2 protein chains.
Amino acid sequence: MPEPAVVLIEDEPQIRRFLRATLSGQGYRLFEASSGADALVEVASRQPDVVILDLGLPDMDGLEVIRRVREWTAVPIIVLSARGQERDKVTALDAGADDYVSKPFGAGELLARIRVALRHTAGASHEGEEPAFKVGELQVDLLRRHVAVGGAEVKLTPIEYKLLATLVRHAGKVLTHRQLLREVWGPSHDDQAHYVRVYMGHLRQKLEAEAARPRYLLTEPGVGYRLAAE
Amino acid sequence: MPEPAVVLIEDEPQIRRFLRATLSGQGYRLFEASSGADALVEVASRQPDVVILDLGLPDMDGLEVIRRVREWTAVPIIVLSARGQERDKVTALDAGADDYVSKPFGAGELLARIRVALRHTAGASHEGEEPAFKVGELQVDLLRRHVAVGGAEVKLTPIEYKLLATLVRHAGKVLTHRQLLREVWGPSHDDQAHYVRVYMGHLRQKLEAEAARPRYLLTEPGVGYRLAAE
DNA sequence: GGCACTCGTCAAGAAACCCTCAAAGTCGGC
DNA sequence: GCCGACTTTGAGGGTTTCTTGACGAGTGCC
């Protein structure tokens with residue numbers, strides 16, 4: 001987990017600013033949402049390592065957000081709330097939250113509880129989910145960070161792996177150069193489409209039988225690339 | 001999990017009675033300890049699903065109990081404490097606790113937090129709960145804190161052992177420098193990747209036949225390290 | 001055909017990474 | 001306070017990886 005991703009769901013601008021400063025200062029990649037609807041979209045698209053959820057949202061009951069997220073992922077959810085009554089805590093925790101922090105709280109405590117949540121994902125993690133991807137001879141195990149072609153392990157450099165992992169996470173879908181650059185190199189490099197071409201070449205050398213006629217790593221001319229889904 | 005086992009570590013008889021009533025009323029199998037030394041024995045022998053630990057023990061610092069338990073198991077630890085200061089919480093959580101409940105607290109909240117902890121263990125199966133590890137000539141017994149190569153005991157310094165134990169707990173998976181630093185040196189040192197390299201060198205000297213061509217302690221360039229799983 | 005654009009390949013210097021050795025600093029017991 | 005064991009820090013050098021530029025092939029449009 002190089003830089004853990006955090007989705008922050010908070011509608012009050014003031015608290016949001018405070019949390020933004022707190023979190024990005026720690027090197028977390030931060031994504032924000034200010035409504036329940038946005039929250040679900042963010043969590044689904046970013047696949048974060050932790051979700052921080054303020055229960056007091058305008059459009060949707062915070063508990064509803066928890067339940068909807070829990071329908072398909074076990075990502076740790078830390079609830080923030082102005083209410084400190086026991087019954088509120090019990091309800092939220094039983095709805096699927098992993099922790100409950102009452103306002104006012106200190107930055108240090110929140111950060112410590114985030115670290116606890118990250119420990120959980122790092123170690124005991126997704127036993128039930130199956131993050132292994134397979135198409136033809138190509139196997140990618142995102143959990144073990146292991147790539148193989150026809151059973152033989154393939155060694156990838158960090159960037160090669162990140163690029164491949166990004167494609168795997170969206171297997172079958174076309175990813176634009178820009179999307180790939182953002183994910184792999186960060187938002188500041190999203191106009192250097194050349195990087196992607198060079199590394200796509202490297203990956204094809206290592207993964208494809210014939211780099212010139214790729215079977216897995218497909219070019220979508222004028223748009224980007226796509227990983228064959230099967 | 002038919003009837004979850006809980007180890008309760010609490011020295012004040014009054015709170016203990018209260019918790020005993022609360023917990024066994026819920027159908028948990030309850031084991032008790034009133035000192036740090038007993039606590040370690042109970043946790044090791046009962047292999048509970050949750051540990052509830054009052055920090056105010058007579059014979060041993062509660063934090064020390066957390067650290068000792070964490071040396072060989074990832075069982076959820078819920079800390080109870082009369083102290084509600086932020087720094088106390090942060091210290092306990094960073095030492096390895098999973099949750100921190102300040103007194104006074106309600107029975108309902110504690111029970112809800114126990115349910116959260118049980119959810120975690122349920123999902124994570126018994127990964128990391130296996131106190132003996134063996135691959136090739138290398139044997140690591142996390143419970144006894146004993147390391148051997150080819151039957152011969154190897155003496156490790158505290159940090160060397162912690163580093164190895166962390167790798168053992170996640171055998172086969174890649175751990176980033178950051179993760180290792182967090183686990184071994186604590187969250188405040190997670191940018192000193194150099195530490196890990198130096199100590200990995202030490203471990204290889206002691207454990208590998210040829211330190212230059214390691215069989216167990218493998219480098220994942222640009223990412224971190226991995227302990228060969230078999 | 002000429003032009004603009006995209007894509008893939010190659011290669012070289014720069015940068016990052018990893019390992020080793022060793023000195024300096026810390027902390028304990030005696 | 002001294003000694004030994006351990007940890008932290010620093011420097012050097014070999015190696016790998018990343019970045020960047022150059023070039024040719026292919027494609028579509030004028």
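We name chains A, B, ... by the order of the sequence lines, and we start the count at 1 in each one. Everything quoted here is computed from the prediction, not taken from an experiment.
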| field | Salt-bridge contact Arg46(A)-Glu42(A) (side-chain N to carboxylate O under 4.0 Å) | value | yes
| message | Could you tell me how far apart Arg197(A) (CZ) and dA22(D) (C1') are, to the nearest whole angstrom? | response | 14 Å
| Which of these nucleotides, dC6(D), dG8(C), dC18(D), is closest to any side-chain atom of Ile159(A)? | dC18(D)
| Using 4.0 Å as the upper bound for N to carboxylate O, is an ion pair formed by Glu220(B) and Arg226(B)? | yes
| Spacing of Leu203(A) atom CG relative to dC18(D) atom P, expressed in whole Å | 11 Å
| said: Check the phosphate of dT19(D) against Trp185(A), side-chain N and O only, distance under 4.0 Å to OP1 or OP2. Yes or no? | reply: yes
| note | note: Arg213(B), atom CZ; dC18(C), atom C1'; distance rounded to Å ~ 18 Å
| remark: In whole angstroms, the gap separating C1' of dC18(D) from CD of Glu160(A) amounts to 10 Å
| Is any side-chain N of the basic residue among Arg113(B) and Asp98(B) closer than 4.0 Å to the acidic one's carboxylate O? | no
| query | dT17(D) C1' sits how many Å from Glu220(B) CD, rounded? | reply | 15 Å
| remark: Against the side chain of Tyr199(A), the closest entry in dT19(D), dT9(C), dC7(C) is dT19(D)
| message | Students often get this wrong, so: under 4.0 angstrom with heavy atoms, is Gln192(B) touching a base, only sugar-phosphate, or nothing? | response | sugar-phosphate
| request: Anything under 30° is parallel, anything over 60° is perpendicular, the rest tilted; go ahead and classify Phe18(A) against Phe105(A). | output: tilted
| said: Side chain of Val198(A), heavy atoms from C-beta onward: which of dG21(D), dG8(C), dT20(C) has the nearest atom to it? | reply: dG21(D)
| Nearest of dC18(D), dT9(C), dC18(C) to any side-chain atom of His177(B)? | dC18(C)
| message | Side-chain N or O of Arg204(B) versus OP1/OP2 of dC19(C): is the shortest distance under 4.0 Å? | response | yes
| Contact nearer the 5' end of DNA chain D, comparing Thr157(A) with His194(A) | Thr157(A)
| Nearest listed nucleotide, side chain of Tyr225(A), among dG8(C), dC17(C), dC6(D) | dG8(C)
| query | Between Glu208(A) and Glu210(A), is there a donor-acceptor pair closer than 3.5 Å when you use the side chain of the first and the backbone of the second? | reply | no
| request: Find the distance Lys162(B):NZ to dT7(D):P and express it as a whole number of Å. | output: 10 Å
| Nucleotide dC6(D), atom P - distance to CG of Leu163(B) in whole Å | 16 Å
| Once you round it to whole Å, what is the distance between P of dG8(C) and NZ of Lys206(A)? | 18 Å
